[in-house]
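All values reported here derive from a predicted model rather than from experimental measurement.
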Amino acid sequence: MDLYQLFKTKTPIIGVVHLLPLLTSPRWGGSLKAVIDRAEQEATALASGGVDGIIVENFFDAPFTKNKVDPAVVSAMTVVVQRIQNLVTLPIGLNVLRNDGLSAMAIATCVRAQFIRVNVLTGVMATDQGLIEGEAHQLLRYRRELGSDVKIFADVLVKHARPLSSPNLTVAVKDTIERGLADAVILSGWATGSPPNEEDLELASGAANDTPVLIGSGASWENIATLLQAADGVIVSSSLKRHGRIEQPIDPIRVSQFVEAAHRSWNSKAEKKSILIG
């Protein structure tokens with residue numbers, strides 16, 4: 001997959017819009033307008049701060065169902081994404097938590113979003129929702145049935161989970177790409193806000209060959225220069241929130257700081273390459 005074709009940059013920064021609790025979730029507040037208003041504000045803050053793409057998640061719906069979400073969640077997320085698309089022209093993605101890739105693919109195809117994130121595409125993971133089994137066969141078949149070209153970004157050894165088989169990162173990356181047919185893979189730390197280590201990123205990049213490897217958690221303006229030395233892009237959220245707190249809305253100043261730090265790291269990476277080539 002060509003990241004440049006999708007994001008107009010070879011090293012995309014993808015900001016996350018964490019939706020307030022949706023209908024049927026335990027903390028649903030009773031107003032879809034409030035959810036939409038917050039999502040519109042966050043998407044605008046991300047776009048004005050200079051990110052290259054946005055991914056929308058039903059993050060505050062915890063505790064999550066492990067697979068299929070309620071139809072009301074699908075409907076609400078569809079409406080929210082369309083509202084965001086009216087405000088920003090960036091590529092949009094969806095992550096329907098915890099692992100409803102089919103609903104994410106359906107929404108993305110209907111609203112002409114560009115990509116989805118799937119937490120468990122292959123293998124079996126022990127999670128706080130129970131055992132989650134990858135459904136690569138169903139998802140890839142469904143994408144073909146829909147006639148869709150929505151890209152699948154898949155987590156490898158996803159955060160907040162432990163693999164039932166041997167947690168060999170190289171094997172997991174290769175399986176996700178070669179057997180799960182992921183278009184890009186995502187590497188996270190052990191939990192939300194925790195970064196992957198540089199050694200793991202290098203291992204993943206080596207195993208992925210030409211398939212893009214994205215950082216999935218824990219990136220901040222302080223560590224992004226180091227992390228991007230071994231990755232092709234980043235999905236970022238917590239460090240862009242006010243005071244760096246996950247429950248707060250996106251802070252456009254923090255977005256700008258992060259984007260600036262990432263751009264500096266690209267420039268230094270490009271300089272190193274030109275020196276080596278020269």
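- Using a distance-only test at 3.5 Å, with no hydrogens or angles considered, a donor-acceptor pair links the side chain of Gln85 to the main chain of Val111.
- Taking 4.0 Å as the cut-off between side-chain N and carboxylate O, Arg117 and Asp155 count as a salt-bridged pair.
- Taking a cutoff of 4.0 Å between a charged side-chain nitrogen and a carboxylate oxygen, Arg143 and Asp183 qualify as a salt bridge.
- His137 NE2 to Arg179 CZ: the interatomic distance, rounded to the nearest 0.5 Å, is 13.5 Å.
- Counting only distance, with no hydrogens or angles, the side chain of Gln229 and the backbone of Ala225 share a donor-acceptor pair below 3.5 Å.
- Formation of a donor-acceptor pair under 3.5 Å by the Glu42 side chain with backbone atoms of Ile250 is found in this model.
- With no hydrogens or angles considered, a side-chain donor-acceptor pair links Ser148 and Thr109 at under 3.5 Å.
- Judged purely by atom type and a 3.5 angstrom limit, Asn58 has no side-chain atom pairing as donor or acceptor with the backbone of Asp61.
- With hydrogens and angles disregarded, no donor-acceptor distance shorter than 3.5 Å links the side chain of Ser103 to the backbone of Asp100.
- Around atom CD1 of Ile253, no more than 12 heavy atoms belonging to other residues, nucleotides or ligands sit under 6.0 Å away.
- The 12-atom threshold is not exceeded at CD of Glu199, counting heavy atoms of other residues, nucleotides or ligands nearer than 6.0 Å.
- Scored by the side chain to side chain donor-acceptor pair (under 3.5 Å) test, Ser205 finds no partners at all (sequence neighbours excluded).
- For Asp210, the CG atom counts as loosely surrounded, since its 6.0 Å shell holds 12 or fewer non-hydrogen atoms of other residues, nucleotides or ligands.
- Counting only distance, with no hydrogens or angles, the side chain of Thr122 and the backbone of Gly134 share no donor-acceptor pair below 3.5 Å.
- Evaluation of the salt bridge (Lys or Arg N to Asp or Glu O under 4.0 Å) rule for Glu260 yields Arg264 as partners, not counting sequence neighbours.
- Side chains of Asn119 and Asn99: a donor-acceptor N/O pair is absent below 3.5 angstrom, by distance only.
- The side-chain hydrogen bond (donor to acceptor under 3.5 Å, both in side chains) with Arg245 is formed by just one residue from the set His243, Gln248, Glu247; it is Glu247.
- From Leu187, atom CG reaches atom CG of Asn197 across 8.0 Å, with rounding to the nearest 0.5 Å.
- Under a hydrophobic clustering in which Ile, Leu, Val, Met, Phe, Trp and Tyr are joined whenever their side-chain heavy atoms come within less than 4.5 Å, directly or via other members, Val118 and Val120 fall into different clusters.
- Checked by atom type and distance alone, the side chain of Asn95 never pairs as donor or acceptor with a backbone atom of Glu57 at under 3.5 Å.
- Close placement of the Phe115 and Phe7 rings is indicated, their centers lying within 6.0 Å of each other.
- Every pair passing salt bridge (charged side-chain N to carboxylate O under 4.0 Å, His left out) that includes a residue from residues 125-134 is listed here, sequence neighbours excluded: Arg98-Asp128.
- A side-chain donor-acceptor contact under 3.5 Å links Arg254 to the backbone of Ser239.
- Checked by atom type and distance alone, the side chain of Asp232 never pairs as donor or acceptor with a backbone atom of Thr11 at under 3.5 Å.
- Heavy atoms from other residues, nucleotides or ligands lying under 6.0 Å from CZ of Arg83 number 12 at most.
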